[in-house]
Amino acid sequence: MTASNIIIEVGGLTRTFTVGDVDVRALRGVNLSIERGEFVAIMGASGSGKSTLMAILGCLDSQTGGRYFFGGLDVSALHEPQLAKLRREKLGFVFQSFNLLARTSAIENVALPLFYSDEAIEGAQRLERARAALELLGLGDRAQNTPAQLSGGQQQRVAIARALINGPSVLFADEPTGNLDTKTSHEIMESLLSLNRDQSLTVIVVTHEPDIAAYAGRVITMRDGQIVSDERRASPAPSRPPTPQQKEASAAMTIFHSSRPAKGALAQVSTLAFASMIVTAAVQAIARNKLRSALTMLGVFIGVAALIAMVAVGNGANAAVRKQIESLGTNLVVVLPGAVLTGGARSGFGSASTLTVADAQAIRREAPEVGLVAYLMRQMGQVQLRNQNWTTNIQAVSLNYPPVTNWRIAEGRGIGADDERSGALVVVIGHTVYKQLFARGENPLGTTILVKGSPLRVVGVLATKGQSMWGQDQDDLVMIPFKTGERKVLGVAAPNQPTNLTSLYPPPPNPFNLQPRLTGYVNSIYVQATAQTRIPAAIDDINRILMRRHRIRPTDIKDFDIRNLSQIAETAEGSSKVMAVLLAIVASISLLVGGIGIMNILLVSVTERTREIGLRMAVGAQRLHVLTQFLAEAVLISVSGGLAGIAAGVAISEIIAIFSAWSSPVSLVAIAIGFVFSVAVGVFFGYYPARKAAQLDPIQALRYE
Ligand code: ADP
Ligand code: MG
C-alpha cells in the first residue's frame, strides 16, 4: 500500500463542546487513516464520540484541534463553499433517521444533490441518473412513491441512493440500521457491502451492534473520545449476488461518474436547473401551507391594490381638473363687478354695474401682460319655441368671448363679425336649451325662437361642456351678439344699481321709448394672461388700471373683484389629494405589515425546516444556495400577493371611476411600480430569515428536534 492510497487521515483530532460553563471533550486525540476501498465499522458505547468523529470526517463539523487530510487535502484550510463542494462531490451521507424530504417522490429525493452540482445536468439526465441509483438499490419500481408510502428499509435505501448519486469517494453511514428491524438491517448492510465491492466505494459505518459490524473488513472501537482498538479481518462476501438490473445500474452509475469533468476542468454551473429547483421548491413550500401562505400574502395584496388605486385616483383627479381648467379657458382672469354701497348695504360680488366695455378696452390697451380681453352681459330670461319655454342664462358676448373661454360650435356657425356690427337677430344655443326646446333629433338651425320676447334665428349649437366643478350645468345658456343684447334683447340696469332691483326700481322712462338706453355696462370681463406664469402680473396690471379709472384710493373698498380661474380649479384638486394621501398611507402601512408578516412566517418556516436545511447542506448545498432558496420563497409569496393586488387595484380603480364619473387611467407605470414593490418587499423582509437559514450549522441543523 502506498501513501497515495490513503483517503482519510487524521492526527491528534480533538473536539470540545462548550455547554454553559462545562467543556464536553467529545474527541480527545483521535489518530486514524483509512485507505480507498476499505469498509470500516466504528463501534463503541453511546456517547463515546462516534457521531462526532463522523461529522468531522464528513465535513459537517470542524475539529477543535488536530489535523484532517482528505485525499491529501488539508480540510481545516477550506472555506464554506469549498467544504460544500467537497461534500457534494466526494462524500455521501446516510443517517439513522433517513432525512428524506416529505411529500416528495423517491426519485426526486435521490436527485436532490444534483441541483447543487457544478456540472450542467439536464432534467431528463438528472432523473435518469436518479433512476439508475434507485435501480442499484433494488427500488426501480418505487421511484414515484413518497417516503410515507415506503417502508423503513426502503426509505433508508432511497437515502443511500441519494448519497451515491454524485459518485462519492466515501460513504458515511451513522447508525444506518438503528431504526430498522434485524432482517432489514442485514439487507441494508448487504447493499452497502456490494457497493463497497462493486463500486470500490470506501464505506464507514457507525454501529453498536456486533453482527452489523461483522460486515466490515475493519472494526474500530471507541471509548471516551479515543480509539481503543482497530482490527482488520476478512469481511464476508455478499450472500446475495446482484440481480441483472442491479448489475446494469451499477454499470450505468460507473459511466455517469467517469463522464464527470476532470478535476480542474472548467465546470459549468447548472444555474438553470438550480433556478428551476428553487422555484419548484418555493411553489411546493407555499402549496404545502395554502391558507398560511394566502394570509401571508394579504398585506402585500392590500398594499399593492391601494397603491394602484391611489395612482388611478390621483391621475383621474388631475385629468378632471385639467378638463375643468380647459373648459374655463387657459390662463384666464375674470373681473367681476364688486361690492357697492347701496343705501348703506353692501351687495354681493357681481350684482352691481360697475364695469364697462371701456374698462375692458382700457385693459386690452394698457396692460402689457394681457393678451385677449372678452366681456359679456348676462341675464336670466325666458326662451320660447312653440309651446315650450325654458328659463336660461342669456349671454350677450363680445366676439372673442367663445374662443377665450373654449366654447366650440357643434352644429351650424358661431356669432360672426357681421352679426356684431349689425346687431343681427341671431342666437347660438347651448345643448341643454336645445334639449328643452326642440324634439330629439330635430334640426334647430334656421328656426326662430323667442329670447326674452325678441325673435332670434338659431344659427348654431354649442358643443357641450358638462357640469362645472360646482355642479352647475354649463350648457344651460344661449349666446347672442353683444350689440344685439345691449340694444334689443336685454334691458339695461341703471349705473351702480343692483340688477335684481331693476324690477322694483325701473330705469327712468325713455322719452322716445324706442330702445333701451345704451350704457356700455358689462357683467364680467375675461382677461387672458400672456402665460400661466404671467397671471399674477396681469392681475396687478388690471388692478392698477381699474383703480385709476374708477378713481379708487388704496384705502377704499374696490368696486370690482379679480379672480384667477386656474387657481379656483386647482383647489378642486385638494379633496382628491386627500384621498390619494390616505391611499398612500394605507398602501405603505400594508406593505410594511405585509413584509413583516412574510418575515414572521419565513422565520417559522426556517425553524420547521431546520433538518431539511441541514440535509441540503449535507448533500452539498452552499450557504448561498440555502439563502437563495428562502429568498425565492419570500419573493414568490410577495409577488403572488402583488399580482393579486394589481388585479384588485385595477378593479377598484374601475369602480371608483364609475362612481366618481372620472375617466380611470390605470397606469402601466403604477402596475410596474406595484410589481417592483412586491418584489422589493419579498427581498427586503425575506433576507433576514433566509440569512438565518443559511447560517445554520449543518450538523446542529441535522440534529435539530
Ligand atoms: P456517540 O455518537 O458515540 O453516541 P456523540 O459523538 O454523539 O456520541 O457524542 C459524544 C459526546 O459529545 C457526548 O458526551 C455528547 O453528549 C457530546 N456532544 C455531542 N454533540 C454535542 C453538542 N452539539 N453539544 C454538546 N455536547 C455534545
Ligand atoms: Mg451517535
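Atoms within a ligand are numbered from 1 in the order they appear, just like the ligands themselves.
Between the side chains of Gln96 and Asn179, at least one donor N or O sits under 3.5 Å from an acceptor N or O. A donor-acceptor contact closer than 3.5 angstrom is absent between the side chains of Ser117 and Arg126.
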What pairs of donor and acceptor atoms, side-chain ones from residues 276-301 against any protein atom, are under 3.5 angstrom apart with sequence neighbours left out?
from   : atom 1 : to     : atom 2 : distance (Å)
Ser276 : OG     : Ala273 : O      : 3.0
Thr280 : OG1    : Ser276 : O      : 2.5
Lys290 : NZ     : Ala287 : O      : 3.3
Arg292 : NH1    : Glu608 : OE2    : 3.1
Arg292 : NH2    : Glu608 : OE1    : 3.4
Ser293 : OG     : Ile286 : O      : 3.1
Ser293 : OG     : Asn289 : O      : 2.7
Thr296 : OG1    : Arg292 : O      : 2.6

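Classification of Glu633 and Arg609 as a salt-bridged pair holds, one side-chain N sitting under 4.0 Å from a carboxylate O. At a threshold of 4.0 Å, the pair Glu135-Arg131 does not count as salt-bridged, since none of the basic side-chain nitrogens sits closer than that to a carboxylate oxygen.
Thr14 and Gln63 get closest at one heavy-atom pair: O-CB, 3.5 Å.
Tally of protein N, O or S atoms closer to the Mg ion (ligand 2) than 2.8 Å: 1.
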Could you list each nitrogen or oxygen of ligand 1 that sits under 3.5 Å from a protein nitrogen or oxygen, with the atom names and the distance?
from     : atom 1 : to     : atom 2 : distance (Å)
ligand 1 : 2 (O)  : Ser51  : N      : 2.9
ligand 1 : 2 (O)  : Ser51  : OG     : 2.7
ligand 1 : 3 (O)  : Ser48  : N      : 3.3
ligand 1 : 3 (O)  : Gly49  : N      : 3.0
ligand 1 : 3 (O)  : Lys50  : N      : 2.9
ligand 1 : 3 (O)  : Lys50  : NZ     : 3.0
ligand 1 : 4 (O)  : Gly47  : N      : 2.7
ligand 1 : 6 (O)  : Ser51  : N      : 3.4
ligand 1 : 6 (O)  : Thr52  : N      : 2.9
ligand 1 : 6 (O)  : Thr52  : OG1    : 2.5
ligand 1 : 8 (O)  : Gly49  : N      : 3.4
ligand 1 : 20 (N) : Arg703 : NH1    : 2.8

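Within the structure, side-chain hydrogen bond (donor to acceptor under 3.5 Å, both in side chains) pairs that include any residue of residues 42-55 comprise Ser51-Asp174 (at least two apart or interchain).
Between Asp198 and Leu136, the closest side-chain pair of non-hydrogen atoms is not below 4.5 Å.
Classification of the Phe93-Phe95 ring pair by plane angle, with boundaries at 30° and 60°, yields parallel.
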